[in-house]
Amino acid sequence: MPELPEVETVRRGLEPAMTGQNFIAVEQRRADLRFPFPPNFADRLKGRRIDALSRRAKYLLADLDDGGVLIMHLGMSGSFRIESLAPGLFHHDRSKDPAHDHVVFQMSGGARITYNDPRRFGFMLIEPRATLAEHKFFRDIGVEPLGNELDGALLVRLFDKKKAPLKAALLDQRLVAGLGNIYVCEALHRARLSPRRAAGTLARKNGSPAPGAVRLASAIHEVLEAALAAGGSSLRDHRQADGSLGYFQHSFQVYDREGEACQTPGCNGRIQRISQAGRSTFFCAGCQK
DNA sequence: ACACTATCCTGCAGGC
DNA sequence: TGCCTGCAGGATAGTG
């Protein structure tokens with residue numbers, strides 16, 4: 001499921017059930033997901049308190065009280081489910097998909113948190129907090145697109161001289177961290193920029209950001225903020241940690257809308273689908289230049 | 001250095 | 001009904 005808005009939505013859902021609480025029990029039901037679990041994974045966590053739950057790009061980071069960090073990535077199909085025996089706080093329903101419930105955390109506050117991941121592209125690792133910035137997953141990671149750092153000028157700098165199409169450049173986590181296939185398509189449409197355009201063409205001749213670069217930075221902010229406000233997008237029945245569904249998928253302008261009329265005012269185009277770098281790109285050639 | 005592709009894995013939709 | 005193919009929100013290693 002998860003791009004930045006979905007991962008952030010998951011983080012917000014998990015926070016009250018995890019932060020400040022201890023792992024009472026950890027059940028690891030198989031040896032690996034995308035990677036093998038660390039040695040003694042369950043024992044390593046048991047008894048530890050989570051001091052903070054944060055997010056970097058699409059990674060969830062649980063700071064442990066022994067200086068370690070539990071790194072969690074949802075891959076394509078990972079999700080968390082929170083249940084509690086405490087009445088009224090959470091749903092307590094059985095998993096519809098127990099075959100893919102791979103990890104269960106029992107927290108001291110009473111929450112039972114289950115990680116489910118049919119495709120097993122997700123993973124969990126434990127690394128020292130002190131050297132996390134140098135870890136291979138984080139060493140080369142790009143700018144967080146929420147907040148003020150990302151603007152037209154920065155996009156121009158990041159994309160300088162790049163011949164790669166905008167679609168590929170925006171998906172590159174080393175440049176901007178957290179965008180995935182959906183929100184890249186949506187942001188480009190919102191900015192009226194073609195996904196096929198070379199990324200290095202967003203600058204004016206003097207190097208200052210062209211209007212398109214400024215529009216793109218704004219579009220990224222807007223689409224991510226709107227998705228966050230909607231609780232993310234729920235495709236293929238993906239849910240938030242509390243069981244509720246995000247609804248931003250109803251606001252998609254292009255993603256998975258091949259053949260539909262473009263909604264941009266004054267545009268008579270239709271949404272088309274092309275393949276770039278092995279992934280589907282949805283866009284309107286009428287208004288995206 | 002850069003940019004494709006193949007790949008990991010399972011489920012689901014669509015065609016026949 | 002079943003079987004097959006292709007595709008899916010990610011990210012990496014390998015290739016040219």
Side-chain angles (χ1 to χ4, degrees), chain A residues 1-11 29-37 55-60 71-80 95-102 115-125 135-142 145 158-188 195-200 223-224 227-228 230-240 245-252 254-259 273-282:
Chain A
M1 108 163 123
E3 302 182 32
L4 189 153
E6 290 74 38
V7 177
E8 178 59 23
T9 297
V10 167
R11 190 198 68 77
R29 295 186 177 168
R30 51 176 299 130
D32 55 38
L33 296 172
R34 182 187 179 94
F35 309 122
F37 282 89
R55 177 192 58 75
R56 175 77 170 103
K58 299 168 195 169
Y59 297 88
L60 288 167
I71 303 168
M72 296 172 280
H73 195 289
L74 303 173
M76 293 272 260
S77 60
S79 64
F80 283 99
S95 174
K96 283 186 216 164
D97 183 26
H100 304 303
D101 286 347
H102 303 307
Y115 179 71
N116 181 285
D117 188 355
R119 293 175 72 180
R120 303 203 304 274
F121 287 176
F123 56 84
M124 294 190 190
L125 297 174
H135 190 275
K136 63 172 179 172
F137 290 150
F138 301 99
R139 196 173 45 209
D140 300 320
I141 215 154
L158 292 172
F159 292 173
D160 183 37
K161 296 188 178 66
K162 286 207 181 299
K163 293 182 200 139
L166 279 171
K167 172 75 187 304
L170 287 169
L171 279 176
D172 187 340
Q173 303 297 301
R174 296 169 298 186
L175 303 176
V176 180
L179 298 177
N181 207 32
I182 292 176
Y183 295 107
V184 166
C185 290
E186 294 298 318
L188 285 169
R196 295 191 277 213
R197 179 166 159 176
V223 76
L224 293 181
L228 262 177
S233 303
S234 297
L235 272 59
R236 291 168 260 286
D237 222 23
H238 261 285
R239 285 164 187 276
Q240 298 178 29
L245 292 165
Y247 53 87
F248 190 72
Q249 66 276 14
H250 303 301
S251 300
F252 292 165
V254 289
Y255 184 81
D256 207 18
R257 294 194 178 280
E258 183 182 15
R273 174 161 76 145
I274 60 172
S275 184
Q276 291 180 292
R279 325 251 341 240
S280 286
T281 295
F282 299 89

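Residue A/Tyr255 contributes atom OH, which lies 12 Å from atom C1' of C/dG10 at whole-angstrom precision. In this entry the distance linking CG of A/Leu171 with P of C/dG10 reads 7 Å, nearest Å. Between the C1' atom of C/dG10 and the CG atom of A/Leu170 lies a distance of 16 Å, rounded to the nearest Å. Per the geometry, CG belonging to A/Asn181 stands 11 Å off P belonging to C/dA11, to the nearest Å. Going from atom CZ of A/Phe252 over to atom P of C/dG9 covers 10 Å, rounded to whole Å. Summarising the geometry, the separation between NZ on A/Lys58 and C1' on C/dA11 is reported as 8 Å, rounded to the nearest angstrom. Rounded to whole Å, the distance from CZ on A/Arg139 to C1' on C/dT12 is 13 Å.
Using a 3.5 Å distance cut-off with no hydrogens or angles, the side chains of A/Ser233 and A/Tyr183 do pair a donor with an acceptor. No side-chain donor from either of A/Ser79 and A/Asn116 sits under 3.5 Å from a side-chain acceptor of the other.
In this structure, A/Phe121 forms an aromatic stack with the base of C/dG10, since both conditions hold: centre separation below 5.5 Å and plane angle below 30°.
Taking the six-membered ring where the residue is Trp, A/Phe35 and A/Phe123 present tilted rings, their angle falling between 30° and 60°.
With salt bridges taken as basic N to acidic carboxylate O contacts below 4.0 Å, one links A/Asp32 and A/Arg30.
Between A/Arg30 and A/Ala277, the residue anchored closer to the 5' end of DNA chain B is A/Ala277, taking for each the nucleotide with the nearest heavy atom. Judged by closest nucleotide on DNA chain C, A/Arg273 is the one of A/Phe123 and A/Arg273 placed further toward the 5' end.
Using a 4.0 Å cut-off, some side-chain N or O of A/His73 falls inside it from OP1 or OP2 of C/dA11. Remark: A/Tyr183 is not in phosphate contact with C/dG9, judged by side-chain N or O atoms under 4.0 Å from OP1 or OP2. Contact between the side-chain N/O atoms of A/Ser280 and the OP1/OP2 oxygens of C/dA8 is found at a separation under 4.0 Å. The side chain of A/Gln173 contributes no N or O atom lying less than 4.0 Å from OP1 or OP2 of C/dG10. Note on A/Arg279: a side-chain N or O is less than 4.0 Å away from OP1 or OP2 of C/dG10.
Here the side chain of A/Gln173 pairs no donor or acceptor atom with the backbone of A/Leu170 at under 3.5 angstrom. For the pair A/Ser77 (side chain) and A/Asp117 (backbone), a donor-acceptor distance under 3.5 Å is absent. Put simply, the side chain of A/His73 never gets that close to the backbone of A/Met124: no donor and acceptor are under 3.5 Å apart. Of the possible polar contacts, one joining the A/Arg257 side chain to the A/Phe252 backbone as a donor-acceptor pair under 3.5 Å is found.
When both distances must be under 3.5 Å, the Watson-Crick or G-U wobble mate of C/dG2 is B/dC16. Nucleotide C/dA8: paired with B/dT10 (Watson-Crick or G-U wobble, both distances less than 3.5 Å).
With hydrogens and angles ignored, a donor-acceptor pair under 3.5 angstrom links the side chain of A/Arg119 to the base of C/dA8.
Using P as the reference atom, C/dG6 and B/dA6 are 13 Å apart when rounded to the nearest Å. Comparing the same atom, P, in C/dC7 and in B/dT5 gives a spacing of 13 Å after rounding to whole Å.
If you check every strand for non-hydrogen atoms under 4.0 Å, A/Arg174 touches nothing.
On the nucleic acid side, DNA chain B contacts chain A at distances under 4.0 Å to non-hydrogen atoms, with the end points of that region at B/dA3 to B/dG11.
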